[in-house]
Q: 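Here you go, one structure.
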Amino acid sequence: MGGGARSYLIASFALVTVLAALSAVTPPRMLTFGMLALGPALAAASASPAGVLALGGYALVAAFAISTGQGLLGTLDQSLRLLVMVAITGISWALARHHRRLLAASADAAREREMLAAFAEQSSDAVIGSSLDGVITSWNGGAERLYGYPADEIVGSSISRILPPERRDVLDETLTELAAGRRINLDEVRRIRRDGSEMLVSVAVSPIRDTTGRIVAAAATERDVTDKKRRVRAERMESLGQLAGGVAHDFNNLLAIIVTYADLMADEVTPAGARDLARIRDAADRAGTLTSQLLLFAKREPTQVETVDLNTVVTDAQELLSRSISGRIRLACRPHSDPVTVRANRGRLDQILMNLVINARDAMPDGGDVVIGTGRIETPSGTFAELTVSDTGTGMSAEVRERLFEPFFTTKPVDQGTGLGLSTVYGIVTDAGGRISVDSAPGAGTTFVIRLPLVPALSPVGLGAGESS
């Protein structure tokens, strides 16, 4: 029996005792002994059926003794009041029993909630609760470890605090869907940690209902899938690289034979035949360019690397890039205020910019904006140089993003692209020890983010000394 139940019983026994004393000194005609029935009624709040019965018996005996002492034995008044006390005691016993069951059920529910809360707190996944207007209301230990924010710092903030800028525009739409009772499952979305670094998470968001069934909040479970996605993608790209490299190597050998015999026959044919041989030679040269791109993707071509400032690469390429896009497209370059130096091949960095800008141009047939920026980014694994190319074009779906860097994959018509441009960019970046990612959604434009190891800037005398890698 809890302290609260014991208090109710003690108060009820005291009440019956006081009422019995008052009834004993009042005139018999007032019939006040019936007031002792208040004791069992009060004891019902104790949720102790046995206590109610004990108190009812005590009140019944006291009432019988008082009324008998007052000469009411066997009268109708005595009988009716004692029957009322018996009835009230029975009703109070039933109420106490029902109350006890409710308390037991409530305690079980509380224990279950506590257990669920303990499970959520100990989960390695981030479990985040929010109101329907996007304010964070709960933040478990997994969320602290995943995002770096302690609960007392972020609870009460908007959920947009961990969203990338392009996802904040769809937050209201997401909250509206949750308020309508729909669950949201996303296999791969970007999130921002406290240190500003990005990651990919899988998200499952569910509406939370109160006891009446009304939706009052939302709960999200988020899991970091960055390493998993990178590992799967790297394994697939490695397999494609081995295949592409083998095919390109063998095809190069065949092209060498074609070019050699075309050169040998050049002096033995008529002028018309020589023109045909020249066309064969041109076609072989173009095919050789394609195989070079494949070998670059497969990392089978040696490169000369040097210490290069990405700011210089961007500013020097601006004029050439401007001529590569239509007049309806505006190009803006935003170099970092400090040197952003990397070890890479300068020509291939120019090739990266050209490929990405042309890709942006093709995604904006009606015009738009292309922004090239450089910067430095601090991550848990070190400091990196960052090169970004953003456009306001048509964007792409998740399915296209997943295969974007595969050789020969293209969404362009057959006569407008080989599908090797972005795979070449991928090969150049990974060969330089970097990573490339893309953030895009249909109608929301595209941003390519390239991160390369940052190296200390050299003096002008030391810049440009190439070496093979």
Side-chain angles (χ1 to χ4, degrees), residues 1-23 31-67 78-123 127-132 137-141 155 178-179 181 183 204-221:
M1 185 185 301
R6 187 177 294 108
S7 298
Y8 276 112
L9 288 177
I10 293 173
S12 300
F13 273 100
L15 177 64
V16 170
T17 302
V18 171
L19 290 175
L22 292 174
S23 298
L31 303 176
T32 55
F33 68 92
M35 295 175 59
L36 274 64
L38 292 174
L42 177 62
S46 68
S48 173
V52 171
L53 289 178
L55 186 63
Y58 171 59
L60 187 63
V61 170
F64 178 79
I66 292 170
S67 59
Q78 183 190 45
S79 300
L80 288 176
R81 280 160 177 74
L82 292 179
L83 286 175
V84 169
M85 293 183 65
V86 171
I88 291 177
T89 299
I91 294 172
S92 299
W93 173 84
L95 290 174
R97 188 176 180 185
H98 179 65
H99 190 195
R100 188 169 193 168
R101 289 175 178 172
L102 291 179
L103 290 176
S106 178
D108 290 341
R111 282 193 296 270
E112 184 176 348
R113 287 193 297 270
E114 289 175 358
M115 187 173 296
L116 289 175
F119 286 156
E121 181 61 29
Q122 297 301 320
S123 174
V127 181
I128 305 169
S130 73
S131 61
L132 292 180
T137 56
S138 62
W139 187 264
N140 76 331
V155 169
L178 289 168
R183 290 173 54 92
V205 192
S206 302
I208 303 298
R209 302 176 185 270
D210 61 12
T211 54
T212 65
R214 186 170 61 93
I215 297 173
V216 295
T221 302

Q: Using side-chain hydrogen bond (donor to acceptor under 3.5 Å, both in side chains) as the criterion, list what pairs up with T17, not counting sequence neighbours.
A: Y58

Q: Using distance only, find each side-chain donor-acceptor pair of residues 83-93 under 3.5 Å and give its atom names and separation, not counting sequence neighbours.
A:
residue : atom : partner : partner atom : Å
T89     : OG1  : M85     : O            : 2.7
S92     : OG   : P40     : O            : 3.2
S92     : OG   : A41     : N            : 3.4
S92     : OG   : I88     : O            : 2.8

Q: For L55 and A43, work out which heavy atoms get closest and say how close.
A: CD2-CB, 3.5 Å

Q: Listed by chain and number, what are the side-chain hydrogen bond (donor to acceptor under 3.5 Å, both in side chains) partners of S131, not counting sequence neighbours?
A: D133

Q: Would you mind reporting whether I215 and L178 have side-chain heavy atoms less than 4.5 Å apart?
A: no

Q: Give me the atom names and distance for the closest heavy-atom approach of A20 to A62.
A: CB-CB, 4.3 Å

Q: Which atom names give the shortest non-hydrogen contact between N140 and V127, and what distance separates them?
A: OD1-N, 2.9 Å

Q: Mind listing the closest non-hydrogen atom pair of V16 and G39 along with its distance?
A: CG2-CA, 3.6 Å

Q: The criterion is side-chain hydrogen bond (donor to acceptor under 3.5 Å, both in side chains); which residues satisfy it with R183, sequence neighbours excluded?
A: S206

Q: Measuring only between side-chain heavy atoms, which start at C-beta, is R6 closer than 4.5 Å to I10?
A: yes

Q: Who pairs with A220 by side-chain contact (heavy atoms from CB on, under 4.5 Å), at least two apart in sequence or on another chain?
A: V205, E222

Q: What is the minimum heavy-atom distance between A47 and L103, and which atoms define it?
A: CB-CD1, 3.6 Å

Q: List for me each residue that meets side-chain contact (heavy atoms from CB on, under 4.5 Å) alongside L102, sequence neighbours excluded, and say none if there are none.
A: H98

Q: If every non-hydrogen atom of S23 is compared with every non-hydrogen atom of L36, which pair is closest and at what distance?
A: OG-CD1, 3.8 Å

